[in-house]
Amino acid sequence: MLIKRCQKVDVDRQVHALTEAGCIRFFAGKKPGTNAEREELRKALDFFRAGDTLVVPSPHRLGRSLQNRIAIVSGLRRHGVGWGVEGGGPVYSPGDSPSAPLS
């Protein structure tokens with residue numbers, strides 16, 4: 001027997017929390033799949049410029065695996081984009097140590 005746990009993502013709650021954190025642009029993908037198939041992630045990564053900060057509701061929303069998150073964060077750093085987790089996580093700027101924690 002295969003048991004699959006599904007968690008409904010409350011996008012409105014996330015947008016509200018991110019608005020409270022000062023975010024001004026939102027990208028919400030609803031399709032599962034690899035990073036290459038995530039159109040909204042691609043749009044978000046194309047949107048950001050040096051000096052911007054990408055804020056995600058939780059680290060797992062950034063990449064499907066730790067390896068994916070490392071690749072995405074490395075790309076952000078190369079382009080001078082910081083990143084952080086909404087709700088209390090630290091914000092990482094491009095000048096932070098390469099060994100700064102990802103989650």
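The CD1 atom of I70 lies 11.5 Å from the CZ atom of R77; values are rounded to the nearest 0.5 Å. Between the CG atom of L76 and the CZ atom of R69 there is a distance of 13.5 Å, given to the nearest 0.5 Å. Here D52 contributes atom CG and R25 contributes atom CZ; the two are 11.0 Å apart, rounded to the nearest 0.5 Å.
V81 and A50 get closest at one heavy-atom pair: CG2-N, 4.3 Å. Between I72 and L45 the shortest heavy-atom distance is CG2-CD2, 4.0 Å. When every heavy atom of C23 is checked against every heavy atom of V55, the shortest pair comes out as SG-CB, 3.8 Å.
Counting heavy atoms from C-beta outward, V73 and L62 have side chains that approach closer than 4.5 Å.
Checking side-chain atoms of N68 against main-chain N and O of S65 turns up a donor-acceptor pair under 3.5 Å.
Every residue two or more places apart in sequence or in another chain that forms a ring pair (Phe, Tyr, Trp, His ring centres under 6.0 Å) with F47 is listed here: F27.
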